2 protein chains.
Amino acid sequence: MAAKRVKLLDVAKAAGVSQGTASNAFGKPDLVRSEVRDRIFAAAKDLGYRGPHVMARMLRTGKAGALGVVFPDNLEYAFSDPVAIELLRGIGRECARHGINVMIISAENPQQAIAAVNNAAVDAFLVHCYSDNNDIISAIQRRNQPLISIDTDIAGAAGTVLLDDHAAAKTAGAHLLDCGARKFAILSLQATEHDHFGPMNANRVGAASHRVVRERMAGYHDALQSAGIAPTDIIHVECDNHSEHSAKMTVEMLVQHPEIDGILAMSDVIAIGALDAARELGRKVPDDLKVIGIDGIVAGERTDPPLSSVRQDSVEKGRLAAEMALGEDTGRTIILETGLLVRGSTKVV
Amino acid sequence: MAAKRVKLLDVAKAAGVSQGTASNAFGKPDLVRSEVRDRIFAAAKDLGYRGPHVMARMLRTGKAGALGVVFPDNLEYAFSDPVAIELLRGIGRECARHGINVMIISAENPQQAIAAVNNAAVDAFLVHCYSDNNDIISAIQRRNQPLISIDTDIAGAAGTVLLDDHAAAKTAGAHLLDCGARKFAILSLQATEHDHFGPMNANRVGAASHRVVRERMAGYHDALQSAGIAPTDIIHVECDNHSEHSAKMTVEMLVQHPEIDGILAMSDVIAIGALDAARELGRKVPDDLKVIGIDGIVAGERTDPPLSSVRQDSVEKGRLAAEMALGEDTGRTIILETGLLVRGSTKVV
DNA sequence: TTGAAAGCGCTACCAG
DNA sequence: CTGGTAGCGCTTTCAA
């Protein structure tokens, strides 16, 4: 029951060596003659010593052996969004390579999240967020440890990993035009820190503070503009990043604007909801209505019809972020490639 | 750049109080007169003090403020299996309620995993595994901290959360019988520490050391036995828990045993692969062939046809495990309910 | 309320 | 290679 009792000094005494040597036997075995080492291990086993105390070692060395991962925009996001999970998979893989654990900063609300950040024994932080004006991010910065930002630019970050979101969205828009769509709707991710789900007016569209939303919006508009379609000709709807919610929004939208024949969704999760909505309304995809997402999640292979998308490699994104956090060179920004993924929701294949 | 420079003592001196009082100002504000407290905070801000040093606090208090989660059977499992992710969601939710972070123990191989366990500053471990004879588990036990086991019985655990796997499988078997299936295949999860994927002979079936496999197997056999179907009349195939793999196994199996009209899969992931295989071979589900999984994952709603299953509440399973780890009462075993989920893969609905 | 001082257990340094 | 020892930064007695 009792916590850790016997300590290194006890072992050292029992083995007739100094504490320093005992420490080396565990931490740097090569520095200790094998004969002495065996004696130390024997004494340790004898006394029931469980190995160096983790927290004491941390304090002494200043290394936590863990990377903190934070999702300031949505604290439940880590284990609910498929893209976040791919990100974590990449992070986990790279951390494993380095013998480092992954700490998920978990909290119920932003205030708790700040405390969670302050209590986390980690060597660096990986932050996935949509914008950088955020108390949680400030709290992380105050810790003065390397901070890698994913999908946003954070001033002073030790590294940044991003997509070319503008290009990705432009690709999606161009593809729908190619497929013959002419009357468009954009299903946007949440545009600012405060949600305003539902139809977006021009003000709201312009107010997007989330970098990802701003860039993708501009990319869509760019693509459509080149076909003579102005932003004011486009229906904009802000959706929560859940298929159920986007399905509901899409139903309302399609009822009110039955002329829409092309839906540009800022995430595959949102796009999948749009497909559900289309099915519910009896709209034929891709004949009547074309739908394309962004992300290229695996679930998109199994939808009915399979979802076209602009894929990104989220696993690699996470891996790179972790690599930067664990590496030396600082201040770099990596921009990942994206690519068109044509499936049944835009074209009969 | 430099690490944390100014320390509590500096702040205390600057504010003209003792270190103890300064500590209290941060940790137990109520014990310090507000006037003094303000002076301390002012000094802190002045000197650029960033708040108590996490590792030092840990060493002193012995609390890590984090729960460790380990998947000894498959270290990549955490971020790839949908059931594991639900588990993590539940764990994350409960930890958030308690202001505790979640540490995922990550490693590339079992040996590294032992090091990862030993380096993890956590207050307790949550272990999801199929069987308990495992070096990683021994390493965790050596840490002498509360250990909650999920889906297996581990001797000496501070708590255990399980399903009634026997009943769950029996339910699945009985349902397929109800639906008219008469010639069965069981797609098993990996049965022992060492994989042996492919057709299982009676020896292999009997050798299952993984508790979940043993129980589910017995449950299936039980159900079918009552219809006069002996275990020897059943085709058994051991599958990796990936749809691609189970699809391949299922194709081979159905080619060799075209008479099969009922597939009992030990997980939904495996069952989804079986559906893919059936489609590939042009078998009509559910008319020609009925398929049922276990788990009730969300993805099963979107397969073609939607997947019948015996659902479990994995989120709640994780939440309960975390609750036990964070709570006081020790040694309990919780057995969660399961329930039949009828969808299109067994019955025209 | 506040102050003084004792460690938490270890690793890294320096001397031999 | 090995021994001695300082000190990582904090919280928490215990006394005043």
Side-chain angles (χ1 to χ4, degrees), chain A residues 2-41 43-44 47-65 118-123 143-145, chain B residues 2-41 43-44 47-65 118-123 143-145:
Chain A
K4 183 171 302 236
R5 282 260 103 89
V6 330
K7 51 178 106 176
L8 197 51
L9 185 57
D10 303 324
V11 175
K13 277 179 182 160
V17 299
S18 84
Q19 185 175 189
T21 303
S23 173
N24 283 336
F26 287 98
K28 304 177 174 171
D30 314 346
L31 296 187
V32 180
R33 197 154 27 106
S34 72
E35 183 192 319
V36 178
R37 212 168 45 203
D38 290 347
R39 205 161 28 141
I40 294 172
F41 289 151
L47 299 178
Y49 180 63
R50 293 179 214 291
H53 184 111
V54 195
M55 298 168 188
R57 198 219 325 259
M58 277 187 188
L59 174 58
R60 184 59 236 236
T61 62
K63 294 256 144 274
N118 287 326
N119 286 328
V122 298
D123 298 315
R143 296 257 327 227
N144 212 31
Q145 299 192 128
Chain B
K4 180 170 305 230
R5 281 262 104 90
V6 331
K7 51 180 104 177
L8 197 52
L9 185 58
D10 303 324
V11 174
K13 277 179 180 157
V17 299
S18 83
Q19 186 174 193
T21 304
S23 172
N24 283 335
F26 287 98
K28 305 177 175 170
D30 314 346
L31 296 187
V32 180
R33 200 156 24 108
S34 72
E35 183 192 320
V36 178
R37 213 168 44 203
D38 291 345
R39 205 158 28 135
I40 294 172
F41 289 151
L47 299 178
Y49 180 63
R50 294 180 214 293
H53 183 111
V54 195
M55 298 168 190
R57 201 224 316 266
M58 275 187 189
L59 174 58
R60 182 60 235 231
T61 62
K63 294 256 145 274
N118 286 325
N119 286 328
V122 298
D123 298 316
R143 296 259 326 230
N144 213 29
Q145 298 192 130

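Chain A is the first sequence line, chain B the second, and so forth, proteins listed ahead of strands; every chain is numbered from 1. When reading the values below, keep in mind they use all heavy atoms of this one structure, side chains included, and skip hydrogens, waters and symmetry mates. If you're wondering where the values come from, they're calculated on a predicted model, not measured in any experiment.
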Taking only distance into account, with no hydrogens and no angle test, what donor-acceptor pairs under 3.5 Å do side-chain atoms of residues 22-33 of chain A form with protein atoms, sequence neighbours excluded?
from, atom 1, to, atom 2, distance (Å)
A:R33, NH1, A:E35, OE1, 3.3

Could you tell me how far apart [X] ([atom1]) and [N] ([atom2]) are, to the nearest whole angstrom?
{"X": "A:L59", "N": "D:dC8", "atom1": "CG", "atom2": "C1'", "answer": "4 Å"}
{"X": "B:R50", "N": "D:dC10", "atom1": "CZ", "atom2": "C1'", "answer": "17 Å"}
{"X": "A:M55", "N": "C:dG9", "atom1": "CE", "atom2": "P", "answer": "11 Å"}
{"X": "A:L47", "N": "C:dG9", "atom1": "CG", "atom2": "C1'", "answer": "16 Å"}
{"X": "B:F26", "N": "D:dT12", "atom1": "CZ", "atom2": "C1'", "answer": "17 Å"}
{"X": "A:K63", "N": "C:dA12", "atom1": "NZ", "atom2": "P", "answer": "11 Å"}

Between [options], which nucleotide gets closest to the side-chain atoms of [X]?
{"X": "A:R57", "options": "C:dG9, C:dC10, D:dT12", "result": "C:dC10"}
{"X": "B:T61", "options": "C:dT11, D:dC10, D:dT12", "result": "D:dT12"}
{"X": "A:H53", "options": "D:dT11, C:dG9, C:dT11", "result": "C:dG9"}
{"X": "A:K7", "options": "C:dA12, D:dT12, C:dC10", "result": "C:dC10"}
{"X": "B:R60", "options": "C:dT11, D:dC8, C:dG7", "result": "C:dG7"}

- Item | Nucleic acid contacts - residues 8-19 of chain A versus DNA chain D, non-hydrogen atoms under 4.0 Å | A:G16, A:V17, A:S18

- Item | Contact summary for B:D10 and B:V6, nearest pair of heavy atoms | OD2-CA, 3.4 Å

- What are the two closest non-hydrogen atoms of B:D123 and B:Q145, and how far apart are they? O-CB, 4.1 Å

- Message: Set out, in order, the CA-CA distance, both residues' side-chain angles and the distance that settles side-chain contact (heavy atoms from CB on, under 4.5 Å) for B:V36 and B:R39, then state yes or no.
- Response: CA-CA 5 Å; B:V36 178; B:R39 205 158 28 135; 3.7 Å; yes

- Message: Does C:dT11 have its OP1 or OP2 closer than 4.0 Å to a side-chain nitrogen or oxygen of A:S23?
- Response: yes

- So, is A:Y49 close to the C:dC10 phosphate, meaning a side-chain N or O under 4.0 Å from OP1 or OP2? yes

- Message: Taking the nucleotide of DNA chain C with the nearest heavy atom to each, does B:N24 or A:A56 sit closer to the 5' end?
- Response: B:N24

Exercise answer: donor-acceptor pairs, residues 55-65 of chain B side-chain atoms, under 3.5 Å, sequence neighbours excluded:
from, atom 1, to, atom 2, distance (Å)
B:R57, NH2, A:N119, OD1, 3.2
B:T61, OG1, B:R57, O, 2.9
B:T61, OG1, B:K63, N, 3.2

- Query: Do any N or O atoms from the side chain of B:R50 and from the backbone of A:R143 form a donor-acceptor pair under 3.5 angstrom?
  - Reply: no

- Message: Tell me which residues in residues 27-39 of chain B lie within less than 4.0 Å of DNA chain C, going by non-hydrogen atoms.
- Response: B:L31, B:V32, B:R33, B:V36

- Item | Nearest-0.5 Å distance that lies between atom CG in B:L8 and atom CG in B:L47 | 11.0 Å

